[in-house]
K.L.:
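Dropping a structure here in structure tokens format, bear with me for questions.
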Number of protein chains: 2
Amino acid sequence: MSKKDDILKSAITLFADRGFQDASMTEVAKMAGVSGATVFYHFKSKEALFLIALETVKDGIIKEFDHYLSEHDFESGIELAEGIISFYLYLAGTMEEWFLLLHSHYPYKLALVNKECRSHLEKIYNSLVDIFERAVALGREDGSINAGDTRKTALVIFSMVDGVVRFKIYNLYDTGALFNELINSCRKILKYKT
Amino acid sequence: MSKKDDILKSAITLFADRGFQDASMTEVAKMAGVSGATVFYHFKSKEALFLIALETVKDGIIKEFDHYLSEHDFESGIELAEGIISFYLYLAGTMEEWFLLLHSHYPYKLALVNKECRSHLEKIYNSLVDIFERAVALGREDGSINAGDTRKTALVIFSMVDGVVRFKIYNLYDTGALFNELINSCRKILKYKT
DNA sequence: AAAAAAACTGACTGACCAATCAGTAGTGTT
DNA sequence: AACACTACTGATTGGTCAGTCAGTTTTTTT
């Protein structure tokens with residue numbers, strides 16, 4: 001792995017763990033084992049480094065979901081939906097850094113004034129909601145899902161799952177104990193007519 | 001309102017809007033219309049000010065819910081649950097600062113090393129989940145709710161509602177358009193047997 | 001009105017941090 | 001070996017910030 005990659009990896013860890021403002025470029029450099037000036041040689045500013053970190057997270061999430069969906073077969077829309085939910089929770093456990101970064105306030109503040117940041121966030125959330133939406137649409141075709149508006153149903157399911165992820169990464173509740181209840185709740189939302 | 005109150009009010013606004021690290025004591029002082037040193041006269045450190053801000057939010061949320069519940073009558077457990085959800089979303093709209101503060105990363109990081117912070121957060125979340133749980137328990141008694149485990153059902157509903165609130169305060173989706181879908185989804189989760 | 005206590009302030013300090021720059025080391029090309 | 005180019009660094013700078021302190025103003029008490 002190149003030093004540039006080391007820096008990027010350290011940056012993701014530190015931005016996730018401490019937030020943008022509280023993670024210093026000196027710390028990033030130290031963690032990556034390079035001098036402070038080297039960080040600025042590879043990334044022109046702290047904000048630029050953050051944007052590339054966010055882009056890396058974006059690409060990672062999309063790639064992981066593509067891989068998961070291509071490797072598994074599902075018998076119905078509702079099974080696909082349950083698979084996606086399980087994988088989302090699994091990913092939030094193994095790649096906690098990504099989700100901490102996405103749950104921090106900074107990117108959403110930056111998005112208000114920075115087009116690139118806004119674009120990354122939109123891409124991430126649209127991709128995720130699209131994945132949920134496709135499952136709902138499939139289920140409505142095969143009869144396993146009877147919920148009303150496809151997009152809105154996908155959004156509510158996504159809100160719920162992401163809400164549980166937030167509880168997990170902020171150490172508020174034990175998500176493991178909640179998994180079955182979450183799947184059951186989603187099943188009810190999807191199965192029954194609105 | 002005393003200057004101490006002015007300072008506290010400004011602190012809540014700035015901590016919510018910029019996060020702990022990015023809100024400076026000088027800015028708090030400026031917004032409150034006092035000198036920088038006055039802030040330190042009333043609050044011994046930035047962290048102490050944050051803790052009192054968090055405590056104020058805690059008291060505010062609990063008081064608002066107490067007031068709402070004492071002023072309204074509900075015919076069944078499920079109606080109570082729907083009322084609570086509506087009021088939670090309403091509060092997140094009118095008192096956005098409180099929820100921004102609760103959705104920032106800092107208090108949860110601080111809670112790992114600071115007992116008082118941990119205590120405030122536990123009080124807030126336990127109070128809120130208890131409110132949801134009482135509605136579920138009531139509904140199970142009067143037959144309007146048939147979901148399984150009371151506590152876990154309350155937790156999942158709370159996750160979902162708080163997830164939608166996060167989308168709202170981070171400007172990700174229009175929550176207004178999602179309100180009916182959210183209420184319908186909750187109804188399904190609560191109404192049907194697990 | 002005098003004394004005491006509380007509220008408040010301007011000026012300052014030491015620490016930290018993002019960013020710069022001049023220069024050095026390494027790597028490949030001719 | 002000379003050249004060019006990329007990767008990297010130590011030292012420095014200008015700015016910001018939390019927190020302190022000595023001293024002033026305001027309020028309360030006697």
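Below, chains carry the letters A, B, ... as their sequence lines are ordered, and counting in each starts from 1.
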K.L.:
May I have the distance from B:Phe40 (atom CZ) to C:dG10 (atom C1'), rounded to whole angstrom?
P.N.:
15 Å
K.L.:
Could you state the atom-to-atom distance from CG of A:Asp6 to P of D:dC8 in whole Å?
P.N.:
9 Å
K.L.:
If I compare all heavy atoms of A:Thr175 with all of A:Lys168, which pair ends up nearest, and what's the gap?
P.N.:
OG1-CB, 2.8 Å
K.L.:
Is A:Tyr41 near enough to D:dC8 that one of its side-chain N or O atoms lies under 4.0 angstrom from OP1 or OP2?
P.N.:
no
K.L.:
Side chains of B:Tyr88 and B:Asp162: is there a donor and an acceptor less than 3.5 Å apart?
P.N.:
yes
K.L.:
Pick the closest DNA chain C nucleotide for B:Lys4 and for A:Ser24 by heavy atoms, then say which residue is nearer the 5' end.
P.N.:
B:Lys4
K.L.:
Rounded to the Å, how far apart are B:Gln21 CD and C:dA18 P?
P.N.:
10 Å
K.L.:
How many whole angstroms separate atom CE of B:Met25 from atom C1' of C:dC8?
P.N.:
15 Å
K.L.:
Over how many whole Å does the gap from B:Phe43 atom CZ to D:dT20 atom P extend?
P.N.:
16 Å
K.L.:
Using 30° and 60° as the class boundaries, would you call the ring planes of A:Tyr192 and B:Tyr192 parallel, tilted or perpendicular?
P.N.:
parallel
K.L.:
Across the strands shown, which category fits A:Ala23 at heavy-atom distances under 4.0 angstrom: base, sugar-phosphate, nothing?
P.N.:
sugar-phosphate
K.L.:
Look at the side chain of A:Lys3 and decide which nucleotide, out of D:dA18, D:dC8, C:dT9, has an atom nearest to it.
P.N.:
D:dC8
K.L.:
Between B:Thr26 and D:dC17, does any side-chain N or O lie under 4.0 Å from OP1 or OP2?
P.N.:
no
K.L.:
Between P on C:dA15 and CG on A:Asp22, what's the gap in Å once rounded to a whole number?
P.N.:
19 Å
K.L.:
Check whether any side-chain N or O of A:His42 sits under 4.0 Å from OP1 or OP2 of D:dC8, and answer yes or no.
P.N.:
yes
K.L.:
Closest to the B:Lys46 side chain: C:dA18, C:dA6, D:dG19?
P.N.:
D:dG19
K.L.:
So B:Tyr108 and B:Tyr125, would you call those rings parallel, tilted or perpendicular, with 30° and 60° as cut-offs?
P.N.:
tilted
K.L.:
Is any side-chain nitrogen or oxygen of B:Thr38 closer than 4.0 Å to OP1 or OP2 of C:dT9?
P.N.:
yes
K.L.:
Mind telling me whether A:Phe65 and A:Tyr68 have parallel, tilted or perpendicular rings, with 30° and 60° as the class edges?
P.N.:
perpendicular
K.L.:
Quickly work out the B:Lys30 NZ to D:dT16 C1' distance and round it to whole Å.
P.N.:
11 Å
K.L.:
What's the CD1-C1' distance between B:Ile7 and D:dA18, to the nearest Å?
P.N.:
15 Å
